[in-house]
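Below, read A as the first sequence line, B as the second, and so on, with proteins coming before strands; counting in each chain starts at 1.
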2 protein chains.
Amino acid sequence: MSDPYPQPIVTIDVVLLTLKDGELHAAVALREREPQAGQWTLPGGFVHADEDQDALAAAVRILREKAGLESPYLEQLQTFANRHRDSRGWSVSIAHYALVPLAEVERSGDARVKWLAVDSIRTLPFDHLEILRTAVSRVRSKTLYSSLPVHLMPKTFTLSELQRVYEQLLGSSLDKRSFRRRIEELDVVEPAPAGRAAGQAHRPAQHYRIKRRAGRELAMAERNLGIRD
Amino acid sequence: MSDPYPQPIVTIDVVLLTLKDGELHAAVALREREPQAGQWTLPGGFVHADEDQDALAAAVRILREKAGLESPYLEQLQTFANRHRDSRGWSVSIAHYALVPLAEVERSGDARVKWLAVDSIRTLPFDHLEILRTAVSRVRSKTLYSSLPVHLMPKTFTLSELQRVYEQLLGSSLDKRSFRRRIEELDVVEPAPAGRAAGQAHRPAQHYRIKRRAGRELAMAERNLGIRD
DNA sequence: TTAATAGTGTCTGTCAGACACTATGTG
DNA sequence: CACATAGTGTCTGACAGACACTATTAA
């Protein structure tokens, strides 16, 4: 169809999340162009038809260009499309969310982004606050029944550390026995051969890492399930 | 940003589903323009920036224009956006899915759409088969933990009828007691004052209807939860 | 030995499935 | 009454939470 209808503007926005000081933090980037130039917004940008295979690839590129990150867990969130969200007119944002371990953030040390505790963010340009809240709500909801939070962990981690992350996301404490049963059933982590040497005055914990196959397959499975959120 | 990047094409596609002869059926419409003119595809179209408030409103309009339906249950599914799905180049489809009772389909009697049993559809133009399968998988998955299938029911219905619908969607039989407990807990239906007079040689069943508040609030809640699928 | 955290054994209440039973209509 | 479907009572096995117990390290 070569229709006369004016086409809406299409952008990709990414809610990039990490866990820092026991709280979820989201990345915001300084916007360079109008509208809202000079404001801190969710990292986003246009699709580059010549280099991006699909929306996910565009989101990956945006994360690389704006936050210097290479391969965080990334998934489509929801599309926000209406007449009011952008002053330029009818516009579409294919929103994604990404999880990244704090260690990755610190390693990349990208100064172009700033990290804000999500629960303290009260306003953002465009409808980015709504997008952010939708992403956070999705992550917390998935924490109830999936292994999503493992993508916030460093390369290896103990089950106690993982449990603390779940508890911080959910805002409530979990029973150790039940938690370990659940994680085992999900079958997404495996013991990491050599844990760090223990230097603590107590029994050292077994270290775990994400199972290779789980990394991809789980992401796929969760995507197919769709958003239970 | 007034970027030099060529903008992708944006369309809205809708997977419209009903239950007929005990099987999920999807609506396909005869496509009038190139590419794929003369092919049966999912009902879809461009956003009309002047009349559509948002993507959902555009989907509502498309259903009205292409299938003569006024207010089926409608929800955003997922956005399909890549370089290969449309011969015109990089394109975006904000896909939605809709559920409608068979009675509504027959009442509108729109000849421009054809209904096909979803499990017998082997091919569709563009990536519409993938969109269809994603929608069907989402509906079946939501059937496991939500009251979504009530939107396939006529104005009033019995719990036995509702249970048969769940069983047809899931492809397995359910225990009567457990099913009734679940539906009661979901709190989405209420007894309909005057059931049809019974003319059958057995105890007549209580008729139910969707609770007014549940209709909206549930849809909202499910949307916020996101896609557990 | 104490202290601290890791990890396991096991009891128990809850709840979903199984299934038998009662209820209510027609002929 | 028989028969068919609606609707309920209740048992039981599985399982998640509670929680106490053992294990392992350093000081």
Between A:Q39 (side chain only) and A:L124 (backbone N and O only), is there a donor and an acceptor less than 3.5 Å apart?
no
Output yes when at least one side-chain N/O atom of B:S160 is less than 4.0 Å from OP1 or OP2 of D:dA6, else no.
yes
Do any N or O atoms from the side chain of B:Q76 and from the backbone of A:Q78 form a donor-acceptor pair under 3.5 angstrom?
no
Answer yes or no: is there an ion pair linking A:D175 with A:R177, defined by an N-O contact shorter than 4.0 Å?
no
Rounded to whole Å, please give me the gap between NE2 in A:H207 and C1' in C:dT5.
12 Å
Return the set of residues passing side-chain contact (heavy atoms from CB on, under 4.5 Å) with B:L116 (not counting sequence neighbours), or none when no residue passes.
B:V28, B:K114, B:I121
For the helix from C:dT1-D:dA27 to C:dG27-D:dC1, what angle separates the axis at the start from the axis at the finish, each from five pairs, in steps of 10°?
10°
So does A:V47 get a backbone contact from the side chain of A:R61, meaning a donor-acceptor N/O pair under 3.5 Å?
no
Any sub-3.5 Å donor-acceptor pair from A:S108's side-chain atoms to A:V105's backbone N or O?
yes
At a cut-off of 3.5 Å, list every protein nitrogen or oxygen paired with a nitrogen or oxygen from nucleotides 20-24 of chain D, distance to 0.1 Å.
from   : atom 1 : to     : atom 2 : distance (Å)
D:dA23 : O4'    : A:R203 : NH1    : 3.4
D:dA23 : N3     : A:R203 : NH1    : 3.3
D:dT24 : O2     : A:R203 : N      : 2.9

Mapping A:A201 and A:E185 onto DNA chain D by nearest heavy atom, which one lands closer to the 5' end?
A:E185
Rounded interatomic separation in angstrom, taking CG from B:D175 and P from D:dT8:
14 Å
Please state whether the phosphate of D:dG17, meaning OP1 or OP2, lies under 4.0 angstrom from any side-chain nitrogen or oxygen of A:S178.
yes
Where each residue is assigned the nucleotide of DNA chain C containing its nearest heavy atom, which of A:L159 and B:R182 is assigned the position nearer the 5′ end?
A:L159
Whole-Å distance between D:dA16 C1' and A:E184 CD?
15 Å
Sorted by number, residues from residues 163-173 of chain B placing a heavy atom under 4.0 Å from DNA chain D are none
Between A:Y73 and A:Y97, what is the ring plane arrangement, given parallel below 30°, perpendicular above 60°, and tilted in between?
tilted
Out of A:D127, A:L132, A:I131, which residue meets the side-chain contact (heavy atoms from CB on, under 4.5 Å) rule with A:L129?
A:L132
Check the pair A:L19 / A:M153 against side-chain contact (heavy atoms from CB on, under 4.5 Å), numbers first and verdict last.
CA-CA 9 Å; A:L19 199 63; A:M153 306 303 290; over 6 Å; no
Run the side-chain contact (heavy atoms from CB on, under 4.5 Å) test against A:E70 and tell me which residues pass, sequence neighbours left out.
A:R64
In whole Å, I'd like the distance from the CZ atom of A:R180 to the P atom of C:dT8.
7 Å
B:Q206 CD to C:dG25 C1', straight-line distance once rounded to whole Å:
14 Å
For a quick check, tell me whether the side chain of A:R181 and the base of D:dG17 share a donor-acceptor pair closer than 3.5 Å.
yes
Among residues at least two apart in sequence or on other chains, which ones pass salt bridge (charged side-chain N to carboxylate O under 4.0 Å, His left out) with A:R107?
A:E104
Atom-pair distance (CD on A:E161; C1' on C:dT5), nearest Å
12 Å
